[in-house]
Amino acid sequence: MVNGQPFDVFADNNKIEVYEQNDLPLGLGLSAYKFARIPYQGKPINVKIEVRNFNFENNDWSISPKRYKIKGVKSGNYLSFNINRLGYLVIRFKQNKDFTKQLVLFIEKPDQLPENRVDIVNTYSVDNCGYKNETKKIQAALNDISGSGKVLYFPPGTYKTFRLNFKSNSHIHLDKNARILADTSSLSSYFSNDELGLNSFILIKDAENIIISGLGVLDGNGTQICTLFNKELLSALNIRLLLIYRSKNIDFNGVLLKDSARWNTHILQSNQVNFSYCKLINNPNQNEYLVSLDGWDPDRSKNILIEKCFGWTGDDAVAIKCTGAENSKDRIFDSENIKVSGNVLLTKKTGLKIGTETFCSQIQNIVFENNDIIESDRVMGINVRDGAFVQNVTFRNNHAEFLFPDRKQNGMNFYITKRNSNTSVLGKIQKVSIEHCTFEHVFPKKFVFYRHYPETAETDLSVTIKDLVIDGKLVDDFSPDFFDLAKNNAQLIFDNSDH
């Protein structure tokens, strides 16, 4: 990774390396943000950031999440503060959308090496300098570790490879300074050759009982892929960084999922998949080459947990869905029992979302709670376009800060419509609760809860709103200050009994 100037970061007077979101120069017209990683030992850390090559004023900078209540002190071109917790900080030195004037800090647990480990470099003679493509050796090691009871360990270094297939009954540990990097010299290995037709860099298919731990990086090299190849080819690629398909009991802990060429993490027809303390960062830009850069997409899956993670995405940060096609057998697979909790998210689109693909019977028992949405165009959304009964959904204690001015700019966007006006099935959104959620500011456009077709009933889109606070004001009725009266025909129930 290249040096991440214009910031120098110090933790307790020790200089911390700063990284770029991707490895491509800004000459390609892509704004790359910077991030640094600080180990947390259970005691306060003094952080000092020197800003170089530009000036910032007192009214320019901010530290998020606001709920961390971190107080910074500006002195010249330095910003200093203390932090005494695990978490993720988003620091702005300009209150605009210039990503080069923002810095993300990961305050992480120190990396702990597992016992009973097999060093992939020593045992398999794998090059970890990033010069050679080592797909065959790495895949052989992944095959051997399956069912062995040992841990396949990637020590510091860069491991260049084509697609890798993780096997059942495996534990893989990535050192903090280890990076498994997608090789862009050829894309053919990433293409799917099965009935699914989904391309990927890291594949977990028909597998179970897998642990991927450590603070290392799975790098999809997506920005490079998307700028090297023409648009016509890319439209057919859709290379996921990570595809989990028909698998169960999969656990990611601490890993950094970086720079996907398309959706970052697609969890499809899988059960019991957990992401804890993971970091997911896609390119924040969308242009003619970079599109649909989702974060986590649980799809026709159940018993999914995404907790205490960080995500910065060019499209929806978390989107629970049911992909498929009309009149397809795929409709039998529902999405249910999914919890998204304690995460820090930034996105150009929606932070916490269900839809828009809803090709299933039910999406139910979904909880979004205690998340900090630092930046988004829409904070919360349920978009039903392909049928499906969406029910038992709770948005609880989520906190929204800044707007990213994309297409909607309305904070909350719930609707029922048809993808195809002639053939699509109309769905329902019921038993939805928005509880104790807070918006720091009023978004430019107002909330939308809308049924596009008159044959739906008001109760087909039913939402209870409890103790919603916007810009310090309790929202206790269907106020035109916050709701677009022309685009709200849902059943909205206000419950402010706690006040």
Side-chain angles (χ1 to χ4, degrees), residues 196 198 204-210 242-252 263 265-276 294-309 311 316-326 328-343 350-371 380-398 414-416 419 424-435 459-464:
L196 185 61
L198 291 178
I204 299 175
K205 179 183 176 183
D206 295 322
E208 61 183 8
N209 307 323
I210 298 176
L242 170 63
L243 174 61
I244 303 171
Y245 179 46
R246 288 194 315 223
S247 297
K248 65 179 180 179
N249 195 23
I250 312 297
D251 188 5
F252 280 78
W263 293 1
T265 296
H266 191 182
I267 308 161
L268 180 60
Q269 284 180 228
S270 293
N271 185 13
Q272 294 179 303
V273 179
N274 298 333
F275 287 83
S276 299
D294 283 14
W296 287 274
D297 288 320
D299 181 358
R300 290 181 271 154
S301 294
K302 61 183 179 179
N303 303 314
I304 309 300
L305 176 64
I306 302 167
E307 65 169 352
K308 299 176 182 176
C309 295
D316 301 324
V318 179
I320 299 166
K321 58 186 64 190
C322 292
T323 58
E326 291 182 281
S328 168
K329 292 181 181 180
D330 289 344
R331 296 184 73 87
I332 66 173
F333 297 103
D334 294 333
S335 288
E336 57 187 353
N337 303 329
I338 299 173
K339 187 175 183 179
V340 180
S341 177
N343 304 290
T350 307
L352 307 171
K353 182 178 179 181
I354 297 174
T356 60
E357 298 90 346
T358 55
F359 292 102
C360 56
S361 298
Q362 295 188 97
I363 300 176
Q364 63 179 344
N365 304 330
I366 312 296
V367 176
F368 301 99
E369 69 175 2
N370 299 324
N371 300 290
M380 295 172 268
I382 300 179
N383 306 153
V384 176
R385 300 183 65 190
D386 312 293
F389 186 4
V390 178
Q391 64 174 338
N392 298 326
V393 179
T394 301
F395 296 88
R396 180 187 301 119
N397 197 34
N398 301 298
F414 292 52
Y415 63 76
I416 300 169
R419 187 178 300 274
S424 294
V425 178
L426 277 167
K428 295 183 180 182
I429 302 172
Q430 294 181 332
K431 299 180 182 178
V432 176
S433 178
I434 300 171
E435 307 172 1
T459 54
D460 286 348
L461 204 175
S462 180
V463 179
T464 298

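- Scanning all heavy atoms of the two residues, the minimum distance from Ser335 to Pro298 falls at OG-O, 4.3 Å.
- Checking side-chain atoms of Asn365 against main-chain N and O of Glu336 turns up no donor-acceptor pair under 3.5 Å.
- Distance CG/Asp206 to OG/Ser270: 9.0 Å, rounded to 0.5 Å.
- The side-chain contact (heavy atoms from CB on, under 4.5 Å) check on Lys205 picks up Asp194, Glu195, Leu203, Tyr245, Arg246, with sequence neighbours excluded.
- Between the side chain of Asn398 and the backbone N or O of Phe368 there is at least one donor-acceptor pair closer than 3.5 Å.
- Residue Glu357 is tested with Arg385, Lys321, Arg300 for a salt bridge (charged side-chain N to carboxylate O under 4.0 Å, His left out); the sole match is Lys321.
- For the side-chain hydrogen bond (donor to acceptor under 3.5 Å, both in side chains) test, residues two or more places apart in sequence or in another chain that qualify with Arg396 are Glu369, Glu435.
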Q | Criterion side chain to side chain contact (heavy atoms under 4.5 Å, CB included) on Phe252 and Ile306, from CA distance to verdict | A | CA-CA 10 Å; Phe252 280 78; Ile306 302 167; over 6 Å; no
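- For Asn343, the side-chain hydrogen bond (donor to acceptor under 3.5 Å, both in side chains) partners two or more places apart in sequence, or in a different chain, are Asn371.
- Between the side chain of Thr265 and the backbone N or O of Trp296, no donor-acceptor pair lies under 3.5 Å.
- Atom CG of Asn209 and atom CD1 of Ile250 lie 7.0 Å apart (nearest 0.5 Å).
- Counting heavy atoms from C-beta outward, Asp460 and Gln430 have side chains that approach closer than 4.5 Å.
- Put simply, the side chain of Val340 does not reach to within 4.5 Å of the side chain of Phe275, judged on heavy atoms.
- For Val384 against Gly427, the heavy-atom pair with the smallest separation is CG1-CA, 3.9 Å.
- Residues passing the side-chain contact (heavy atoms from CB on, under 4.5 Å) test with Gln391, sequence neighbours excluded: Gln362, Gln364, Phe389, Lys431.
- Using a 4.5 Å heavy-atom cutoff, the side chains of Val273 and Ser247 are not in contact.
- Looking at Asp251 and Asn274, their side chains never bring a donor and an acceptor atom within 3.5 Å of each other.
- The closest donor-acceptor contact from the side chain of Ser301 to the backbone of Ile267 lies under 3.5 Å.
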Q: Dump the intermediate steps for side chain to side chain contact (heavy atoms under 4.5 Å, CB included) on Leu268 and Thr323, then the final yes or no.
A: CA-CA 9 Å; Leu268 180 60; Thr323 58; 4.2 Å; yes
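- Qualifying ring-ring contact (aromatic ring centres under 6.0 Å, His included) partners for Phe414, counting only residues two or more places apart in sequence or in other chains: Phe395, Phe449.
- Here the CG-CG distance, from Leu243 to Asp297, works out to 11.0 Å after rounding to the nearest 0.5 Å.
- Closest approach of Ile363 to Cys322, counting heavy atoms only: CG1-SG, 3.9 Å.
- Between atom CD1 of residue Ile382 and atom CD1 of residue Ile354 there is a gap of 4.0 Å, rounded to the nearest 0.5 Å.
- One finds the OG1 atom of Thr350 at 11.0 Å from the CE atom of Met380 (value rounded to the nearest 0.5 Å).
- With hydrogens and angles ignored, the 3.5 Å screen pairs a side-chain donor or acceptor of Thr358 with a backbone N or O of Gly387.
- Residue Lys248 is tested with Lys302, Glu208, Gln269 for a side-chain contact (heavy atoms from CB on, under 4.5 Å); the sole match is Glu208.
- For Asn397, the side-chain contact (heavy atoms from CB on, under 4.5 Å) partners are Arg67, Asn370, not counting sequence neighbours.
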